[in-house]
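Notes follow the structure.
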There are 2 protein chains.
Amino acid sequence: MNPPPKTAAGTRTLSGPAGCEESLRHCDAALVRAFGFLGKRWSGVILGTLANGESGFADLKRRVEGISDSVLSDRLAELQGAGLIVRSVESGPPVSVSYALSESGRALMPAMFELSAWAAKNLPDAR
Amino acid sequence: MNPPPKTAAGTRTLSGPAGCEESLRHCDAALVRAFGFLGKRWSGVILGTLANGESGFADLKRRVEGISDSVLSDRLAELQGAGLIVRSVESGPPVSVSYALSESGRALMPAMFELSAWAAKNLPDAR
DNA sequence: CAAGTAACTCTGTTTTTCGAAGTTACATGT
DNA sequence: ACATGTAACTTCGAAAAACAGAGTTACTTG
């Protein structure tokens with residue numbers, strides 16, 4: 001998605017260097033990919049929580065209120081697979097596992113800040 | 001979520017003017033609210049698609065590839081309820097309905113642009 | 001008047017997400 | 001020594017969400 005490159009008349013397009021050359025304006029492959037992750041329950045919140053610092057499984061579960069063990073486990077595996085977070089085992093004793101944002105995970109944070117600021121202004125509360 | 005206000009030692013916090021006064025760093029109520037919508041399948045993509053201009057139900061369904069009628073219908077109702085999009089009926093004939101971003105919906109777009117840019121760089125493809 | 005399009009809704013099936021319990025490994029208290 | 005506790009998960013059956021596809025109503029076009 002590129003900042004709308006205003007066309008002559010009201011017909012705005014998204015087309016940029018790398019996509020959506022067709023005149024149909026339904027693309028934005030990158031956004032679709034982003035929401036392949038973020039469009040799943042909890043992913044965004046987990047990422048946002050990890051912005052506060054790394055934490056272990058049990059700790060994360062406490063910080064992300066309402067998530068279940070199995071879903072937390074699934075999400076961590078997905079995010080890890082996508083390279084957004086890093087799982088590291090500190091081989092104790094006691095052994096402990098901790099999850100933290102990776103380089104690309106950290107690169108997401110500016111967008112998260114904006115999202116959060118937007119929500120603060122535009123989603124009053126009681127949805 | 002606020003840009004991390006570095007604390008003395010490694011303990012970063014998110015606490016800002018309006019939330020998370022407690023020392024537990026698991027808050028960010030605004031982000032959680034944002035993902036109450038965006039964390040559902042299709043919501044983000046629908047919003048991103050509407051950034052290209054308003055469109056009717058059938059048109060949207062074509063532009064958001066893969067969505068089903070019933071889910072599109074649900075999402076439009078939700079987004080409308082939250083005031084992110086506006087449904088307007090142009091009473092023809094032929095009568096037609098069209099959906100467009102509202103003021104707050106448009107306010108989300110800068111965050112979407114960032115998200116998209118991030119995905120373009122950090123989510124190569126084939127997930 | 002037959003066919004098509006828009007905008008949905010309804011129904012039944014598949015996929016996700018859920019809470020709760022179970023597992024393995026180590027640590028601590030008594 | 002042994003019961004208890006914590007961390008890190010996995011497994012299971014049930015509830016909720018998403019899906020595909022058929023049906024509905026209203027209006028237009030050939």
Side-chain angles (χ1 to χ4, degrees), chain A residues 24-26 32-50 52-82 85-100 127, chain B residues 24-26 32-50 52-82 85-100 127:
Chain A
L24 303 163
R25 49 278 162 60
H26 63 122
V32 172
R33 255 178 294 142
F35 280 106
F37 292 99
L38 302 180
K40 289 187 163 189
R41 208 174 171 190
W42 301 117
S43 300
V45 178
I46 291 173
L47 256 1
T49 299
L50 286 178
N52 286 324
E54 61 168 38
S55 69
F57 191 93
D59 191 24
L60 252 182
K61 189 184 148 109
R62 257 176 259 118
R63 292 163 67 180
V64 179
E65 297 184 56
I67 197 172
S68 68
D69 285 18
S70 46
V71 175
L72 177 53
S73 188
D74 278 2
R75 292 294 174 271
L76 289 173
E78 283 180 11
L79 295 173
Q80 202 191 152
I85 64 178
V86 176
R87 177 189 132 116
S88 44
V89 184
E90 341 275 354
S91 52
V95 287
S96 78
V97 177
S98 77
Y99 297 91
R127 47 153 313 193
Chain B
L24 302 163
R25 49 276 160 63
H26 63 123
V32 172
R33 254 178 295 142
F35 280 106
F37 292 99
L38 302 180
K40 290 188 163 190
R41 208 174 171 187
W42 302 118
S43 300
V45 178
I46 291 173
L47 257 0
T49 299
L50 285 177
N52 286 324
E54 61 168 38
S55 70
F57 191 93
D59 191 24
L60 253 182
K61 188 184 148 108
R62 256 176 259 118
R63 292 162 68 179
V64 179
E65 296 185 56
I67 198 172
S68 68
D69 285 18
S70 47
V71 175
L72 177 53
S73 189
D74 279 2
R75 291 294 173 272
L76 290 174
E78 284 180 9
L79 295 173
Q80 201 190 153
I85 63 178
V86 176
R87 178 189 133 115
S88 44
V89 184
E90 340 275 354
S91 52
V95 286
S96 78
V97 177
S98 77
Y99 296 90
R127 54 147 310 191

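Throughout, a chain's letter reflects where its sequence line sits, starting with A, and its residues are numbered from 1. Reckoned from all heavy atoms, side chains included, excluding hydrogens, waters and symmetry mates. Values in this document were obtained by computation on a predicted structure and should not be read as measured data.
- Applying the side-chain contact (heavy atoms from CB on, under 4.5 Å) test to B:Ser73 and every residue at least two apart in sequence or in another chain returns B:Phe57.
- Between B:Arg62 atom CZ and C:dC8 atom P the separation is 14 Å, expressed in whole Å.
- Computed from coordinates, the B:Tyr99 OH to C:dA7 C1' distance equals 7 Å when rounded to whole Å.
- Residues forming a side-chain hydrogen bond (donor to acceptor under 3.5 Å, both in side chains) with A:Asp69 (at least two apart in sequence, or on another chain): A:Lys61.
- B:Arg75 is linked by a salt bridge (charged side-chain N to carboxylate O under 4.0 Å, His left out) to B:Glu78, counting only residues two or more places apart in sequence or in another chain.
- For the residue pair B:Ser55 and B:Leu60, the shortest heavy atom distance occurs at OG-CG, 3.2 Å.
- Minimum heavy-atom separation, B:Thr49 to B:Arg63: O-NH2, 3.1 Å.
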Inset, instruction - Do nucleotides 11-17 of chain C as a string where each nucleotide becomes B, S or -: B if the base has a protein heavy atom under 4.0 Å, S if just the sugar-phosphate does, - if no protein is that close. - result: ------S
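- If you measure from atom CG of B:Asp69 to atom P of C:dT5, you get 15 Å, rounded to the nearest angstrom.
- One atom, CG of A:Asp59, and another, C1' of D:dT6, lie 13 Å apart when rounded to the nearest Å.
- For B:Leu60 and C:dT5, the CG to C1' distance is 16 Å, given to the nearest whole Å.
- Between A:Glu54 atom CD and D:dA7 atom P the separation is 15 Å, expressed in whole Å.
- Distances shown here put a side-chain N or O of A:Ser73 below 4.0 Å from the OP1 or OP2 atom of D:dT10.
- In this structure, NZ of A:Lys61 is placed 14 Å from P of D:dT10, rounded to the nearest angstrom.
- Contacts of B:Ser68 classified as side-chain contact (heavy atoms from CB on, under 4.5 Å), with partners at least two apart in sequence or in another chain: B:Ser70, B:Val71.
- Residue A:Arg87 places at least one side-chain N or O closer than 4.0 Å to OP1 or OP2 of D:dC9.
- When rounded to the nearest whole Å, the span between CG of B:Leu72 and P of D:dA18 equals 13 Å.
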